[in-house]
Amino acid sequence: MTVQIDHALEEIRRFRPSPEFAANAVADTSLAEAAEADRLGFWADQSRELLTWSKPFTKTLDWSNPPFAKWFEDGELNVAVNCLDRHVEAGNGDRVALHWVGEPGDTRDITYAELTDEVKRAANVLTELGVGSGDRVAIYLPMIPEAVVSMLAVARIGAIHSVVFGGFSADSLASRIDDAEASLVITADGGYRKGKVFPLKPVVDEAITKSVAGSVRNVLVVRRGENEVAWNDHDLWWHDTVGTASNEHEAAGFEAEHPLFILYTSGTTGKPKGILHTSGGYLTQAAFTHRNVFDLHPETDVYWCTADVGWITGHSYVVYGPLANGATQVLYEGTPDTPHPGRWWEIIEQYKVSILYTAPTAIRSFMKLGRQIPHEFNLRSLRLLGSVGEPINPEAWIWYRHVIGGGSIPVVDTWWQTETGAIMISALPGITDLKPGSAQVAIPGISIDILSDDGTSVEGEGGGLLVVTEPWPSMLRGIWGDPERFKETYWEKFGDKYFAGDGARRDADGDIWLLGRVDDVMNVSGHRLSTAEIESSLVAHPWTAEAAVVGAADETTGQAVVAFVILKASQAERVTDVQAASDELRKHVATQIGAIARPRQVFIVNELPKTRSGKIMRRLLRDLAEGRDIGDTTTLADTSIMQTISDQVK
Ligand code: WT7
């Protein structure tokens with residue numbers, strides 16, 4: 001595992017917070033001082049201040065059995081009550097929780113009182129369907145209010161949700177249903193994407209047919225697409241059940257370490273990992289970071305995080321953080337360019353969005369389209385911009401701040417992961433001088449370090465591997481059903497320090513620069529994909545003998561999937577049209593895993609570069625895919641092979 005730091009940037013631009021912003025900022029320097037003086041005391045104070053505990057905790061952290069942490073162990077709370085009922089009880093029931101915008105242009109404004117009511121109804125239905133505390137519910141929905149309602153209803157009764165992104169295939173959904181042994185699936189007839197209805201229910205039907213666990217008892221179906229769907233005995237319409245259920249529901253408190261959700265993410269092997277998060281610590285850090293990193297003033301701000309609830313960003317910064325803080329937010333169903341390329345800017349103008357949180361890949365695609373599109377809209381309501389998912393190039397940062405933000409508002413680049421549950425590294429707006437391209441500093445209460453491969457801390461300026469040195473409230477509590485993999489993946493390398501899988505560099509000012517993954521995980525448009533998973537999918541195709549996948553630099557998506565495939569000898573003769581074969585394999589991956597995994601290119605080759613011990617040298621294939629000179633080939637079993645492959649690719 002080596003970290004390349006040669007492309008680290010010399011960034012000399014600095015942006016001071018404006019005095020006006022600093023004067024009203026939520027965060028202040030006392031946070032860092034308090035965390036430094038007493039880290040655990042700081043988190044305990046934050047948790048008491050930000051959340052409502054039905055039974056107060058007396059213990060903050062139990063780390064006696066690392067890597068299994070327990071935060072606020074003896075306390076009890078209901079996560080949904082924290083996101084809903086308590087705001088209504090505090091007199092904020094009429095505040096809009098969700099300004100929902102459907103892609104075709106239909107809209108719904110939902111207040112905290114209405115959302116609470118709907119969640120209570122849904123909770124009653126789940127209970128009637130036999131879903132109880134600790135049971136797993138798979139959620140496969142578009143970005144509609146029912147997705148938020150479903151997650152909170154599951155949380156309210158102490159069940160565990162596993163949200164599966166609507167772009168995943170039937171196979172991917174089936175393996176997630178099976179791994180968690182979900183007893184209920186919540187889905188919709190369809191959802192809108194790029195002006196068309198994409199069907200979800202048939203994918204669920206197929207997944208249940210393919211499921212080997214046979215755990216699913218019912219499927220709850222929201223009507224959204226108004227498209228025809230096949231109907232099974234175990235299917236129920238949402239409007240027939242939730243629509244008619246009682247809105248009275250007494251919520252119980254659950255222990256702080258009660259599981260809240262499982263979310264699958266790609267690792268270095270073919271099998272996705274079910275990342276497990278629990279209640280009290282997770283909600284504490286989600287709420288703390290949402291409030292302080294986004295400078296949330298819940299009475300006046302309109303917040304919009306563009307992530308889908310199928311990803312961790314949607315969990316922590318669409319559902320749990322913002323709702324725990326009583327924020328008003330926009331929820332948008334569709335794609336940024338439907339029906340016109342200014343759709344996002346139109347929504348910002350219309351709802352006077354003040355805080356926008358999105359991904360560098362989106363910013364780069366808007367940059368390509370040009371500034372005249374956002375300039376047609378009034379974006380002056382914006383006062384803070386956030387970025388997440390991959391490093392943001394300084395030029396994209398500057399464009400974001402100037403063209404979208406009008407030139408003087410803070411841009412915060414937030415580093416974190418599905419596993420960390422909430423933001424770990426970010427500037428604090430109003431306090432930190434901003435530096436384009438760097439995620440900058442650990443948030444108060446979080447301990448980050450950079451280590452050399454041998455585990456020694458890199459002092460001062462220098463590069464290495466990013467670790468978290470102390471347990472944090474929203475840390476993953478494990479991998480569902482696989483404690484060994486949890487230990488191996490994150491804790492074996494550096495003992496009691498959490499190994500994140502990212503390379504990083506500290507500059508002379510102490511700011512942290514993220515340099516990308518050091519393992520076989522790719523980052524395509526801010527989404528994690530594993531090379532092994534895509535290789536397995538390619539090899540599952542009857543034509544394929546062998547496959548190697550690399551993440552190659554891509555101007556818009558950050559990285560793109562590029563595959564090199566050797567066809568079986570029996571097929572090689574029959575496949576005469578190389579282009580058609582490559583298209584077929586690209587389509588195959590999209591069907592097997594989901595459209596996000598579709599390779600940008602599949603090259604049909606006769607050989608793959610291997611070491612004498614038979615290990616594929618992906619580094620050389622990446623050089624080729626990125627159009628660079630091929631690096632050192634001396635360790636190859638056959639040193640002429642890269643020339644052959646490169647001739648074939650051309
Ligand atoms: C990986 C985690 C956190 C929500 C979205 C992705 C990369 C994430 C940044 C950033 C540089 C970043 C890392 C990390 N990453 N944010 N601000 N700067 N890299 O969550 O799918 O779990 O992926 O995304 O490589 O390990 P995820």
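Read the numbers this way: they start at 1 and go in the same order the structure lists the ligands and their atoms.
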Q.
Counting only heavy atoms closer than 4.0 Å, does ligand 1 sit against the backbone of T418, its side chain, both, or neither?
A. both

Q) Parallel, tilted or perpendicular for W472 and Y498, by the 30°/60° rule? A) perpendicular

Q) Looking at D179 and K273, does any basic side-chain N land under 4.0 Å from a carboxylate oxygen? A) no

Q) Among G389, A307, G314, which one has a heavy atom closest to atom 7 (C) of ligand 1? A) G389

Q) For residues S169 and D171, is any side-chain donor paired with an opposing acceptor at under 3.5 Å? A) no

Q. Polar-atom distance check: R517 versus ligand 1, any N or O pair below 3.5 Å?
A. yes

(Q) Looking at E333 and R343, is there a salt bridge between them, counting it only when a charged N and a carboxylate O are closer than 4.0 Å? (A) no

Q) Counting from 1, what ligand 1 atoms have a heavy atom of V388 closer than 4.0 Å? A) 3 (C), 4 (C)

**Q.** Atoms of ligand 1 close to D413 [distance to a heavy atom under 4.0 angstrom, numbered from 1]
**A.** 10 (C), 17 (N)

Q | Side-chain (Y140) to main-chain (F168) donor-acceptor, under 3.5 angstrom | A | yes

Q: Given side chain to side chain contact (heavy atoms under 4.5 Å, CB included), test T358 with Y400 step by step and report yes or no.
A: CA-CA 10 Å; T358 193; Y400 194 26; 3.4 Å; yes

Q.
Can you tell me which portion of T420 lies within the under-4.0 Å heavy-atom range of ligand 1? Options are side chain, backbone, both, or neither.
A. neither

Q: Mark up the atoms of ligand 1 that fall under 4.0 Å of a heavy atom belonging to T313, in ascending order.
A: 4 (C), 5 (C)

Q) Does S47 use its side chain to pair, donor to acceptor, with the backbone of W43 at less than 3.5 Å? A) no

Q) Below 4.0 angstrom, N of the basic side chain to O of the carboxylate: do E488 and R485 qualify? A) no

Q. Just by modelled atom types, is the K493 backbone N or O under 3.5 Å from a matching donor or acceptor in the Y490 side chain?
A. no

Q | Shortest reach to atom 14 (C) of ligand 1 by a heavy atom, considering only D502, N523, V521 | A | D502

Q.
I need the nearest protein heavy-atom contact for atom 6 (C) of ligand 1: residue, atom name and distance, please.
A. G526 O, 4.0 Å

Q. Can you list the atoms of ligand 1 that are under 4.0 Å from a heavy atom of P391?
A. 11 (C), 18 (N), 19 (N)

Q: Number the atoms of ligand 1 from 1 as they appear, then name those within less than 4.0 Å of a heavy atom of R528, with their elements.
A: 2 (C), 21 (O), 22 (O), 23 (O), 27 (P)

**Q.** Shortest protein contact, atom 3 (C) of ligand 1 (heavy atom only)
**A.** W416 O, 3.2 Å

Q. Tell me: protein heavy atom nearest atom 10 (C) of ligand 1, and distance?
A. E390 O, 3.5 Å

